[in-house]
Amino acid sequence: MTLTLVPPPVPSRAAAGPLDVLGVPGQINLDYAATAPCARAAADAVAELLPWYASVHRGAGALSRRCTLAYERARQTVGDFVGARADDHVVFTRNTTDALNLLARALPPGATVVTFGGEHHANLLPWPRGSVRLPVPEDPAGAVRALDAALGELRRGTTPDRDLPVLVAVTGASNVTGERWPVAELARVARRHWARIAVDAAQLAPHAPVDLHVLDVDYLAVSGHKLYAPFGAGVLVGRADWLDAAPPYLAGGGATSHVGAATHDVRWATGPARHEAGTPNLLGAVALAAVCGALSGADRAALHDAEQALLARLRDGIAALPHVVELRTFGPDAPRVGIASFVVAGRDSAEVAAHLAAHHDIGVRDGLFCAHPLARRLLTEAAGRSGRRDLPPTALRASIGLGSTEEHVDALLAALATLG
């Protein structure tokens, strides 16, 4: 059977047109934090360019020239969306994980990375041995204090601007709890200690404006598939010097300015091309740029308010179910994006997710969400806070965004109520 993708009815509060999302009638998608549905803007941009699809940077024909222009315009649009500075590089990657691995490869020799134990694996695993992993803080202020203390200790007895390159790597919003981290405050601490800061904005950028200049951060990583552009593109945006000094992320065509006859007679390109060897993901870049452009022209405050109202409805409903316990790192009123993780007492989370899909046409995520250290810690904390000994070892996550409705949230809450 072939499923036809059509947009669901658009509620009056939601953005129409380019920010309408595609979906399958009858299916309730509450798994945006894993992969958001495709926005109409992304689908239309791809459909418009497909007849012209050709090489990028490698042809003189009309099709190639148009595709090259579309690719570089996409780079500019995405850079503008995240507040890239004039001398920043915007490097297209596959996703946030790929972007942070690229940054890890570009670290200067001897660099130390400081991060927190509450990160997604993409911001835990790429960093070199000797990196500093701080404990998960109890609140945002605790994160700021811990970073200040850690950087002060690292800088003890050094000349800050020369002896020890330091990078702070932190999430903008947790993929487990949706809680927002105090990025601007952490950036100010990093500056005081002559450190740079990179932000994993995979979960934050789809829900709130993110601006490198305003936040005063050095690097930002974003995934298109979480930003309503599921065509396999992401970006690393940030300071040029480390990127231009590093060996190419991939060695190959497009990353070179000269290749001689001798084995090692190679001059590598500078700029984004240095790390974009091979034929680029043109359609992914164009799709991501289309969504970035549509969001830039939208009323982000209104979208935020609508999402927060839905999130409050979801969290209040979860709190009202005596057999359901929400996970959280900070206090219950901490700012967050449209994500809520929870457990159903006495029920295996994978079985609950399968039940919701089979009997209620509801899609949620189950497991430890590629953030195993944090998720396990929060499950232990939830057991202590609730006093229950029958909580499962993995959790469930519901996540919302453009196209989510009160009816979707209420359907999930009603289904969970039947499991008590």
### Query
Passes side chain to side chain contact (heavy atoms under 4.5 Å, CB included), Arg336 versus Leu311? Steps please.
CA-CA 9 Å; Arg336 64 194 71 215; Leu311 180 61; 3.4 Å; yes
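- Residues Val259 and Asp265 form no side-chain contact, since every pair of their non-hydrogen atoms from C-beta on lies 4.5 Å or further apart.
- To the nearest 0.5 Å, atoms CG (Leu102) and CZ (Arg94) are separated by 11.5 Å.
- The heavy-atom pair separating Pro392 from Asp348 by the smallest distance is CB-CA, 4.4 Å.
- Contact of the Leu295 side chain with the Leu19 side chain is registered, since non-hydrogen atoms from C-beta on lie closer than 4.5 Å.
- Taking a cutoff of 4.0 Å between a charged side-chain nitrogen and a carboxylate oxygen, Arg188 and Asp216 do not qualify as a salt bridge.
- Here the CG atom belonging to Leu100 is positioned 11.0 Å from the CG atom belonging to Leu125, to the nearest 0.5 angstrom.
- Salt bridge Glu72/Arg66: absent, no basic N to carboxylate O contact under 4.0 Å.
- A donor-acceptor pair under 3.5 Å links the side-chain atoms of Arg155 to the main chain of Trp194, judged by distance alone.
- Pro393 and Leu368 make their closest contact through O-CD2, 3.7 Å (heavy atoms, listed as atom of the first residue, atom of the second, distance).
- For CD of Gln27, the number of neighbouring non-hydrogen atoms (other residues, nucleotides, ligands) closer than 6.0 Å is greater than 12.
- No side-chain donor-acceptor contact under 3.5 Å links Thr177 and Ser341.
- Both tests do not hold together for Arg65 against Trp52: distance to the six-membered ring centre under 6.0 Å, angle to the ring axis within 45°.
- Atom CZ of Arg191 has more than 12 heavy atoms from other residues, nucleotides or ligands within 6.0 Å.
- No side-chain heavy atom of Leu22 sits less than 4.5 Å from a side-chain heavy atom of Pro37.
- In summary, the side chains of Arg239 and Tyr219 do not present any donor paired with an acceptor at a separation below 3.5 Å, with no hydrogens or angles considered.
- Counting only heavy atoms from C-beta outward, the side chains of Val199 and Thr171 never approach each other to under 4.5 Å.
- Of the candidates Asp211, Val235, Val90, Leu227, Phe81 forms a side chain to side chain contact (heavy atoms under 4.5 Å, CB included) with just one, namely Leu227.
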### side chain to side chain donor-acceptor pair (under 3.5 Å) between Ser174 and Glu179, intermediate numbers included
CA-CA 5 Å; Ser174 170; Glu179 292 160 323; 5.4 Å; no
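- Between Tyr71 and Phe92, the two ring planes are tilted [angle within 30° to 60°].
- Of all heavy-atom pairs between Ala277 and Ala251, the closest is CB-C, 4.2 Å.
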#### Entry: Derivation of the ring-ring contact (aromatic ring centres under 6.0 Å, His included) call for His275 and His89
CA-CA 10 Å; His275 301 289; His89 286 340; 8.2 Å; no
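- Atom CZ of Arg377 is surrounded by more than 12 heavy atoms from other residues, nucleotides or ligands within 6.0 Å.
- Ring centroid separation for the pair Phe369 and His120 does not come in under the 6.0 Å cut-off.
- Using modelled atom types, one side-chain atom of Asp218 and one backbone atom of Ile197 make a donor-acceptor pair closer than 3.5 Å.
- The backbone N or O of Ala233 sits nowhere less than 3.5 Å from a side-chain atom of Asn95 that would complete a donor-acceptor pair.
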### Chi angles and distances behind the salt bridge (charged side-chain N to carboxylate O under 4.0 Å, His left out) call for Asp148, Arg145
CA-CA 5 Å; Asp148 192 31; Arg145 291 192 300 270; over 6 Å; no
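- The main-chain N or O of Asp244 is found under 3.5 Å from a side-chain atom of Arg274 such that the two form a donor-acceptor pair.
- Distance check: His193 NE2 to Glu153 CD gives 11.0 Å after rounding to the nearest 0.5 Å.
- Counting only distance, with no hydrogens or angles, the side chain of Ser257 and the backbone of Arg267 share a donor-acceptor pair below 3.5 Å.
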### Message
Run Val168 and Arg196 through side chain to side chain contact (heavy atoms under 4.5 Å, CB included) and show every step you take.
### Response
CA-CA 6 Å; Val168 177; Arg196 294 191 179 190; over 6 Å; no
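- With a 4.5 Å cut-off on side-chain heavy atoms, Leu63 and Tyr53 do not count as touching.
- Rounding to the nearest 0.5 angstrom, the gap separating the CG atom in Leu402 from the CG atom in Asp20 is 9.0 Å.
- By the 4.5 Å heavy-atom criterion applied to side chains, Arg133 and Leu124 are counted as neighbours.
- Ser399 contributes a side-chain N or O that, together with a main-chain N or O of Ala33, makes up a donor-acceptor pair within less than 3.5 Å.
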### Query
Between Leu374 and Phe116, does a side chain to side chain contact (heavy atoms under 4.5 Å, CB included) hold up when you go through it step by step?
CA-CA 10 Å; Leu374 175 63; Phe116 288 87; over 6 Å; no
### Task
Evaluate the criterion salt bridge (charged side-chain N to carboxylate O under 4.0 Å, His left out) for residue pair Arg347 and Glu351; output intermediate values, then yes/no.
CA-CA 7 Å; Arg347 299 275 186 161; Glu351 292 179 0; over 6 Å; no
### Task
Tell me, with the steps shown, if Tyr32 and Gln203 meet side chain to side chain donor-acceptor pair (under 3.5 Å).
CA-CA 9 Å; Tyr32 282 46; Gln203 298 297 342; over 6 Å; no
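- When atom types are taken as modelled, the side chain of Lys226 and the backbone of Ala36 share no donor-acceptor pair closer than 3.5 angstrom.
- In this structure, Thr112 and Leu164 have side chains that are in contact, with non-hydrogen atoms separated by less than 4.5 Å.
- No side-chain N or O of Tyr249 forms a donor-acceptor pair with one of Asn101 less than 3.5 Å apart.
- Heavy atoms only, all atoms of each residue included: Thr394 and Ser349 are closest at O-OG, 2.7 Å.
- The closest donor-acceptor contact from the side chain of Ser64 to the backbone of Ala60 lies at 3.5 Å or more, if one exists at all.
- Atoms SG and CZ, from Cys38 and Arg40 in turn, are 8.0 Å apart once rounded to the nearest 0.5 Å.
- Inter-residue side-chain proximity for Ile28 and Leu412 is flagged as unmet; no heavy-atom pair is nearer than 4.5 Å.
- A donor atom on one side chain and an acceptor atom on the other are found under 3.5 Å apart for His225 and Thr35.
- Screening Arg315, Arg385, Arg397 for a salt bridge (Lys or Arg N to Asp or Glu O under 4.0 Å) with Glu326, the sole residue that qualifies is Arg315.
- No more than 12 heavy atoms of other residues, nucleotides or ligands shown are found within 6.0 angstrom of NE2 on His213.
- Separating the OG1 atom in Thr93 from the CG atom in Leu103 is a distance of 11.0 Å, to the nearest 0.5 Å.
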### side chain to side chain contact (heavy atoms under 4.5 Å, CB included) between Leu167 and Thr115, intermediate numbers included
CA-CA 9 Å; Leu167 176 72; Thr115 189; over 6 Å; no
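- Remark: the backbone N or O of His57 is paired with a side-chain donor or acceptor of Thr68 at under 3.5 angstrom.
- Thr405 places a side-chain N or O within 3.5 Å of a backbone atom of His408 that can act as its donor or acceptor partner.
- Ring pair His207/His304: centre-to-centre distance not below 6.0 Å.
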